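Only heavy atoms go into these numbers, but all of them, side chains included; no hydrogens, no water, no symmetry mates. Because the structure is a prediction, the values reported are computed rather than measured. Residue indices begin at 1 and follow the sequence shown.
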Amino acid sequence: MRSKGFLCAAAAVVAMAAVCPPVEAQEKAASSAPASTSAKIDTAVFAELPAVQRPELSPDGKHVAAKLAIAGAQYFAVMDLDGSNRHIIGAGDTDINWWNWVNDAWLVMGVGREVDVQGDKWRISRVFGVEAATAKLVPLNTPDTGQNGDDVLWTPHDGSTRILLSAQTSIYSDEPGFWPRVDEVDVTNGRHRRVLDGRDEVMDWYADGNGTVRMGVGTSMDGRQRRLLYRPSARDSFRVIDKAKGVNEGLLMPKLFLPDPGKALVVQDDDEGFSALWEYDLTTMQRGKKVFGVAGYDIDGPVVDGRSSTLLGVEVTEKFARTAWLDPAMAALQKKLSDRIQGARVQITSYSADRSVVLLHVGDASAPGAYFLYRAEDDSLQAFSMNNKTLGLRRLHPVKTIQYKARDGLEISAVLTLPRNGTGKNLPLILMPHGGPEARDDESWDFMVQFLADRGYAVIQPNYRGSTGLGTKFLRKGDGQWGLAMQDDLNDAVKALAEQGIADPKRVCVVGASYGGYAALRAAQRDGALFRCAVSYAGVSDLQRMVAYDSKFLGGESIKDFLKSKAQDFKSVSPLFHAQDFSIPVLIVHGKKDRRVPFTQSKVMVDALKSAGKTYEFLEQREADHFFSRADDRLTFLKAMEAFLAKYNPA
């Protein structure tokens with residue numbers, strides 16, 4: 001699989017005003033949004049892609065790399081902050097998955113796409129060096145690279161251009177190259193130097209802050225057995241320090257190697273079952289003191305300065321995501337910026353090596369927000385980019401977290417959004433289960449939720465049992481409960497809101513995407529008496545078919561085991577096999593370029609509903625993926641959903 005022609009750079013240059021307009025222009029954009037809080041906002045406004053996504057400053061703070069929304073599509077861009085040099089990279093059908101700065105002049109970018117290999121669709125990944133000044137792309141994989149080729153283990157701290165890259169050199173499991181080797185690669189020319197040979201069953205390698213490969217994860221071909229290999233230094237041999245098997249057993253994975261070669265930081269559960277950050281002795285295999293934890297919540301993970309390999313803070317999501325800065329200088333900077341921009345959440349998202357230039361995001365769940373640029377030299381703060389050019393910094397509909405009890409007494413949290421300036425009583429309701437299902441909703445901006453609230457609906461997003469971030473015990477309560485108790489938790493949210501007088505129980509529809517789409521289909525099939533309609537975007541209809549799709553990938557048997565742990569009898573909880581039980585109208589929408597949930601999942605469901613004589617609408621989006629990456633697809637979906645809801649559950 002050669003990487004030549006895998007990605008192309010466009011020669012187009014974007015005017016800086018499109019990315020970083022002056023404050024006056026942004027104030028004008030904000031004021032152009034509808035002034036009346038009761039007037040409906042045009043659907044196209046909600047369909048706008050975020051103007052800038054994941055902006056990352058270069059070490060010297062002079063350049064930024066990010067995804068940009070241009071004419072309703074996403075592009076990758078490398079720009080000078082002073083506007084003197086900017087380049088766009090067009091991806092086509094290739095996914096741009098991640099990017100990291102190597103030094104002030106070069107960065108690396110990981111990409112992926114789906115290709116035909118011997119009659120099957122395979123997801124393959126590659127990595128490129130990108131020159132900031134010209135956007136020149138340098139393929140960093142060898143011509144014989146196999147399926148997985150974008151695992152960058154380490155980038156330098158001294159301004160050099162060499163990285164550590166782990167990649168396969170064969171797609172055949174009976175050949176040595178199937179197990180990734182580690183090479184040192186120069187990002188400016190793609191030249192390789194072997195550092196570590198591949199080892200049987202080790203697919204993932206990890207390096208410390210000095211660029212020494214210290215750890216590997218071995219996995220059996222079926223994915224059911226795992227082992228952790230570790231060595232204190234390059235002079236030592238690898239030894240197995242931990243083993244795991246089954247779907248619920250995890251390996252002891254260091255998150256950061258400390259200066260002492262035998263010490264590391266790990267994420268493990270505390271006595272109450274909530275994950276926290278701990279010190280760990282890799283020589284004695286003993287856990288030390290707790291570095292950070294939050295009562296009642298799992299942590300998301302440590303924030304590590306990639307240039308110095310030091311711990312700066314810990315990310316955690318309580319009612320909303322935040323960073324708890326443990327580094328005194330970063331904590332002081334966070335406080336300074338938060339005090340300066342009051343009435344909104346301020347999140348530091350990127351910074352130069354000396355932290356003199358900082359990008360921060362300002363916003364909350366009711367506003368799409370904006371990025372601002374802070375410079376310590378003159379203590380200045382200037383607008384960098386509005387996330388939504390029409391809404392600007394305008395707040396829309398209020399969002400809060402509530403609690404309710406499921407029928408078995410389990411405490412459930414949920415995110416509730418209510419239409420602004422309404423009575424807040426007896427409202428038509430949209431029940432919106434999140435995807436995953438091992439995920440969680442929080443108080444963050446959601447274009448679909450705000451659109452529905454703008455149309456007059458209350459929206460409830462329950463964190464049903466099996467959701468993440470709320471402790472291992474709560475997560476495990478989802479075992480064996482897909483389509484069963486997890487579905488009951490959703491219904492109990494409706495009951496709770498009806499009892500409080502917030503929702504009209506006779507005017508409820510369920511809307512969901514991915515697993516949420518599955519839950520919407522399951523609701524229409526199992527609990528139609530509680531709802532007036534259902535909307536499924538990229539929903540799963542047949543769990544066995546999903547297992548067959550995922551089993552094509554390495555470790556497929558473990559994926560099957562995982563799904564089996566969530567639903568003991570696939571057929572009984574798969575809506576596809578119960579089309580005759582659907583009792584309410586269903587809107588089914590799916591993108592043909594969805595590489596997470598195959599389009600077939602919706603097509604076979606539609607065919608079954610048609611054969612059963614049920615009421616349904618089907619929207620096939622030919623260019624859409626799983627993640628609403630194009631504005632046109634967002635707009636088409638929102639319009640279809642609005643018309644469907646107006647027909648069957650008008651606000």
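- The pair Lys495-Asp492 fails the salt-bridge criterion, with no side-chain N (NZ, NE, NH1 or NH2) lying under 4.0 Å from an Asp/Glu carboxylate O.
- Remark: Lys614 fails to qualify as a cation-pi partner of Phe582 under the 6.0 Å distance and 45° angle criteria applied to the six-membered ring.
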Item to check | Check against ring pair (Phe, Tyr, Trp, His ring centres under 6.0 Å), Phe447 and Phe451 | outcome: CA-CA 6 Å; Phe447 78 93; Phe451 169 75; 8.6 Å; no
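- Cation-pi geometry between Arg634 and Phe46 is not satisfied (NZ or CZ under 6.0 Å from the ring centre, within 45° of the ring normal).
- Between Phe628 and Tyr537, the ring center distance clears the sub-6.0 Å criterion.
- Listed by chain and number, the residues in a side-chain hydrogen bond (donor to acceptor under 3.5 Å, both in side chains) with Asp151 amount to none (sequence neighbours excluded).
- In this structure Lys506 satisfies the side-chain hydrogen bond (donor to acceptor under 3.5 Å, both in side chains) test with no other residue, sequence neighbours excluded.
- Ring centers of Tyr297 and Phe274: at least 6.0 Å apart, outside the cut-off.
- Taking CG from Leu68 and CD from Gln74, the interatomic distance works out to 9.5 Å, rounded to the nearest 0.5 Å.
- The existence of a salt bridge linking Glu642 and Arg455 is confirmed by a sub-4.0 Å separation between a basic side-chain nitrogen and an acidic carboxylate oxygen.
- Using a 4.0 Å cut-off between charged nitrogen and carboxylate oxygen, Arg395 and Asp364 count as a salt-bridge pair.
- Closest heavy-atom contact between Ile70 and Tyr75: O-CE1, 3.6 Å.
- By the side-chain contact (heavy atoms from CB on, under 4.5 Å) test, Lys571 is found to be paired with Asp569, Phe577, residues two or more places apart in sequence or in another chain being considered.
- Aromatic ring centres of His434 and Tyr464 lie closer together than 6.0 Å.
- Checked for salt-bridge contact, Glu48 and Lys389 meet the test: a charged N lies under 4.0 Å from a carboxylate O.
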